[in-house]
Amino acid sequence: MSGLPADYFDYPLRRRGMDHDIYPFRALPDLKPVQWPGGARVALWIAVHVGHFPMDMPLKPFIAPGGMERPYPSFWDYTQRDYGNRIGIYRLMKALAARNLTATALLSAALAPLYPVLMDDIEAAGWEPACAGLDMGHLHHAQVPEAEEAATVKEAAALLRVRFGDAVRGWHSPAHSESPRTLDLVAAEGFDWTSGWLNDDMPYGMATSAGPLLAMPLPQDLADQKMLQQQNMATEDFCNAVLAAHAALDAEAAATGGGRILTLSVTPWLMGQPHRIRAFGAMLDAILAKGSVWNANGAQIAQAWRAQQA
């Protein structure tokens with residue numbers, strides 16, 4: 001071991017359990033039971049990814065899922081993604097409204113000035129606006145200088161709050177991207193919850209240098225982007241996976257007496273296609289037919305969770 005500094009093996013966070021101080025270890029069976037309004041066993045959170053994919057988005061250090069796959073200018077990729085913000089999202093709105101369901105729109109903030117009519121329609125639909133970064137070309141990673149990342153978070157928050165005001169309380173980093181500083185910067189801009197961490201089925205508290213954040217469960221494994229776009233699975237397979245997850249979560253809630261959350265993560269340029277929208281509606285009907293479901297947006301679930309953690 002010659003040549004190594006004396007403190008090479010000194011690591012203050014090396015201990016049994018977690019090796020960081022962002023949140024403590026927690027196992028789901030030990031979780032304090034939470035009760036949803038009306039005694040519902042499952043909270044249904046529908047999170048709709050409303051992203052803006054610039055044609056000149058960078059290719060390094062990685063391409064966001066759904067990012068440009070052809071050389072600039074890739075009208076093929078751009079217009080396919082833009083289909084979701086012009087056509088597909090309205091099919092989702094219609095399907096949810098027909099069933100009196102609400103959703104959270106995870107918005108690329110750059111869309112606020114670019115698509116003001118879409119912002120009006122999201123508000124008219126009663127969806128919760130949440131900030132999904134500036135756009136899919138501004139990803140968060142360690143190679144981004146701190147000042148640049150801070151400016152991006154601040155700009156994204158400002159763009160959406162100019163349009164929606166204090167209703168913008170949630171943050172979702174584009175493509176689940178984060179640097180070691182992202183959580184601190186997000187909390188500093190006054191966001192209450194974030195949904196980029198994939199390690200739990202239920203909310204949990206996170207500690208940042210700017211105060212607490214609540215981590216909301218938004219599983220990538222059950223997202224339409226993962227299954228339909230990345231894994232090329234059939235629409236029916238995606239719907240069956242969601243229904244299987246609902247059945248398992250509902251059974252856990254019944255057995256433990258504590259509610260669970262089913263996060264339905266959908267993307268307008270995928271699920272809003274005409275060949276998929278009927279299956280989407282049938283999947284919603286199957287979930288609702290089971291009963292004991294509380295449909296809520298991210299802020300409502302976060303509020304109900306926090307009220308029971310004291």
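Keep in mind that this is a model prediction, so the values were computed, not measured. Nothing fancy with the numbering, it's 1 onward along the sequence. The basis for the numbers below is simple: all heavy atoms, side chains too, and nothing from hydrogens, waters or symmetry mates.
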Using a 4.5 Å cut-off between side-chain heavy atoms of Ile, Leu, Val, Met, Phe, Trp and Tyr, which other residues end up in the same hydrophobic cluster as Trp193?
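In the cluster with Trp193 are Leu28, Leu31, Val34, Trp36, Trp45, Leu106, Met202, Leu214, Met216, Leu218, Ile261, Trp294, Ile301, Trp305.
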
Does Arg161 count as lying over the ring of Phe191, i.e. NZ or CZ under 6.0 Å from the six-ring centre, within 45 degrees of the axis?
yes

Examine distances only and state if a side-chain atom of Ser265 and a backbone atom of Ala223 form a donor-acceptor pair shorter than 3.5 Å.
no

Tell me, yes or no, whether the heavy-atom count around [X] atom [atom1], taken from other residues, nucleotides or ligands under 6.0 Å, exceeds 12.
X      : atom1 : answer
Asp221 : CG    : no
Asp56  : CG    : yes
Arg86  : CZ    : no

Return the minimal non-hydrogen interatomic distance between Phe238 and Met271, and the atom names on each side.
CE2-CE, 3.3 Å

Can you name the closest pair of heavy atoms from Val293 and Ala40 and give their distance?
C-CB, 3.8 Å

State, without any angle test, whether Asn85 and Tyr115 hold a side-chain donor-acceptor pair at a distance under 3.5 Å.
no

Applying side chain to side chain contact (heavy atoms under 4.5 Å, CB included) to Thr102 and Ile46, what does each step give before you reach the verdict?
CA-CA 7 Å; Thr102 191; Ile46 303 171; over 6 Å; no

Point-to-point distance, once rounded to the nearest 0.5 Å, from CG of Asp237 to CD of Gln231:
10.5 Å

Under the rule for side chain to side chain donor-acceptor pair (under 3.5 Å), what residues qualify as partners of Glu189, not counting sequence neighbours?
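Testing Glu189 for side chain to side chain donor-acceptor pair (under 3.5 Å), a comparison that skips the adjacent residues, returns Lys154.
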
